[in-house]
Structure formats: C-alpha cells, structure tokens
Amino acid sequence: AQKVTQAQTEISVVEKEDVTLDCVYETRDTTYYLFWYKQPPSGELVFLIRRNSFDEQNEISGRYSWNFQKSTSSFNFTITASQVVDSAVYFCAHTGGFKTIFGAGTRLFVKA
Amino acid sequence: EPEVTQTPSHQVTQMGQEVILRCVPISNHLYFYWYRQILGQKVEFLVSFYNNEISEKSEIFDDQFSVERPDGSNFTLKIRSTKLEDSAMYFCASSEGRVAPGELFFGEGSRLTVL
C-alpha cells in the first residue's frame, strides 16, 4: 500500500534561512509519481513539482530545489533564502494508478 | 489559464440533509477526482472517475457518497445523509492522462459545514 510520511509537523525559520522539508514514501508500484503541493493560508492547493519514478535527477526552480533518492524512498524539498510568502503548509504526495496519497503536511512559518 | 471551478464555495447544512457539490473540470482532462480535507488535517483521497465510471475509491467513500458526470462539463459529489464528521473542505481535481498523469489541477474547494 502507498504511504507518504512527512515527519516534520511544523518548522519555523527566520527570513533568508534555508529550510528542507522531508518526505519519505512507501510504495509497491514500479511506476509512480511524486509531487509537492503548497497550501497557503487562503486554502487552495498549488502544484509545485512532479517527479516520476524513473527520473532521479534533482531539480532546481528558482529558490526551490528537490532531491529525489529512490534508494532511501525520499523526495525532499529545499527552499533557499526563505521569504515570508513561503509560509504555508506543504504536502508531499504519491500517485500510483488512479490514486494520489498525500502526506500529513509540514506547516512552514517564515518570520520576518 | 484553464482552471477547475467548484460551487458552492461554502455550504452549511443540517445533519441528515443531502448535499451536492459541483465541479467543472478543465475541458480536455479525462480523469476526475474528489478529495477532502478536514480542518487542519491531511488531504484525503475519496474517489477517482474515468470514462464515466469510478476507477478507484477509498474506504471513506461509502454508500453515503456518490459521484456523477451528468453532462459533458460537470462532475458532482453527492452526500446522501450528511453527518457531523462530513464537515470538511472538499477539493475537486482533474488531470490529463493516466500514463503520465501530470499534476492534479485542483479547484479552490467547497467548504461543507454540517450542523
């Protein structure tokens, strides 16, 4: 069965600090996809990134970067030089078949 | 930019009443989903729908729930007899394909409050 674990419930940082959000998954699927979504205080879910199980290349997009390591079943997300606008709940998710399972989320507070 | 739209944005209902939540997925998407999020908790999968039938559902999606695509654009979630614990934000989502599903495009959610 699929399972996504985000062990960090809340993280608090000061603006301009780097922060890494951890995500560990369990799956029996040989082909699957991993995602990160952001949920700002307004409540909507905003797509950040998708990775498929065959693509272990790390990715950088501006201040965001993702480290996918299949050997440890982890898909961690780093925000460099955090900003107050990064304050949100971040969800890691796994898609296998027709179902996407979300982790419990990590609430990030970025203080000015 | 195409988007998933949901109505109503907030509905308050009495326990035992029927509720229908409506969604208009992105027009060229083929896969449709409902998720729910109880306040402060994780986003939970309810059901996926493809080719006019349910393709997968979770244990949450019991006989009180049903989904329908009554026409070419709408995708609805019906709760027959609401319970207090059905109070949550319900998100509709759609995606392009099965082989490479891409990201789920989420609507802004419908908040259901059951009194």
Side-chain angles (χ1 to χ4, degrees), chain A residues 1-10 21 23-25 27-55 59 61 64 66 75 77 88-107 109, chain B residues 1-6 9-10 23 26 29-61 67 88-113:
Chain A
Q2 302 157 276
K3 185 177 178 183
V4 176
T5 301
Q6 294 180 254
Q8 303 148 308
T9 308
E10 286 186 5
L21 311 181
C23 173
V24 174
Y25 63 93
T27 185
R28 290 183 190 158
D29 298 308
T30 50
T31 300
Y32 54 88
Y33 296 84
L34 299 169
F35 299 83
W36 277 94
Y37 287 86
K38 175 182 180 180
Q39 188 174 43
S42 48
E44 72 273 23
L45 288 163
V46 179
F47 166 81
L48 295 178
I49 189 172
R50 175 190 70 170
R51 263 288 171 269
N52 74 49
S53 49
F54 299 108
D55 181 4
E59 180 160 334
S61 175
Y64 295 169
W66 291 270
F75 186 43
F77 172 32
V89 180
Y90 291 86
F91 291 98
C92 179
H94 168 289
T95 294
F98 289 102
K99 185 160 67 172
T100 296
I101 298 295
F102 285 76
T106 297
R107 185 176 296 276
F109 295 99
Chain B
E1 185 177 314
E3 58 181 19
V4 176
T5 57
Q6 289 185 241
S9 55
H10 188 194
C23 170
I26 294 173
H29 285 186
L30 301 176
Y31 297 87
F32 315 115
Y33 311 83
W34 283 101
Y35 287 79
R36 81 171 185 191
Q37 185 180 30
I38 294 170
L39 186 63
Q41 297 187 24
K42 69 188 328 183
V43 179
E44 300 174 293
F45 170 79
L46 291 179
V47 65
S48 58
F49 192 87
Y50 169 69
N51 200 26
N52 283 319
E53 59 183 26
I54 290 173
S55 41
E56 195 155 358
K57 61 183 181 179
S58 72
E59 53 278 3
I60 302 169
F61 194 86
V67 289
M89 180 75 90
Y90 288 81
F91 290 101
C92 174
S94 67
S95 66
E96 281 186 84
R98 162 74 171 87
V99 174
E103 73 266 27
L104 297 174
F105 286 79
F106 283 92
E108 293 193 345
S110 293
R111 182 169 296 286
L112 176 64
T113 302

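Chain naming here is simple, since letters A, B, ... match the order of the sequence lines and numbering starts at 1 in each.
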Distance col, row Y33(B):OH vs K99(A):NZ, nearest 0.5 angstrom, shows 12.5 Å

Quick one: OG on S95(B) to CZ on F47(A), what's the gap to the nearest 0.5 Å? 11.5 Å

Mind checking the CG-OH spacing from L45(A) to Y35(B)? Nearest 0.5 Å is all I need. 10.0 Å

Non-hydrogen contacts under 4.5 angstrom with chain A: give the residues of residues 41-49 of chain B involved, or none if there are none. Q41(B), K42(B), V43(B), F45(B), S48(B)

Excluding sequence neighbours, so at least two apart, what forms side chain to side chain contact (heavy atoms under 4.5 Å, CB included) with Y50(B)? F98(A), L30(B), Y31(B), S55(B)

Would you compute the distance between atom OH of Y37(A) and atom CG of L104(B) and round it to the nearest 0.5 angstrom? 4.0 Å

Partners of Y25(A) by ring-ring contact (aromatic ring centres under 6.0 Å, His included), sequence neighbours excluded? Y32(A)

Please enumerate all residues that pass side chain to side chain donor-acceptor pair (under 3.5 Å) together with E3(B), with sequence neighbours excluded. none

Does any heavy atom of chain B fall under 4.5 Å from the side chain of Q39(A), the backbone, both, or neither of them? side chain

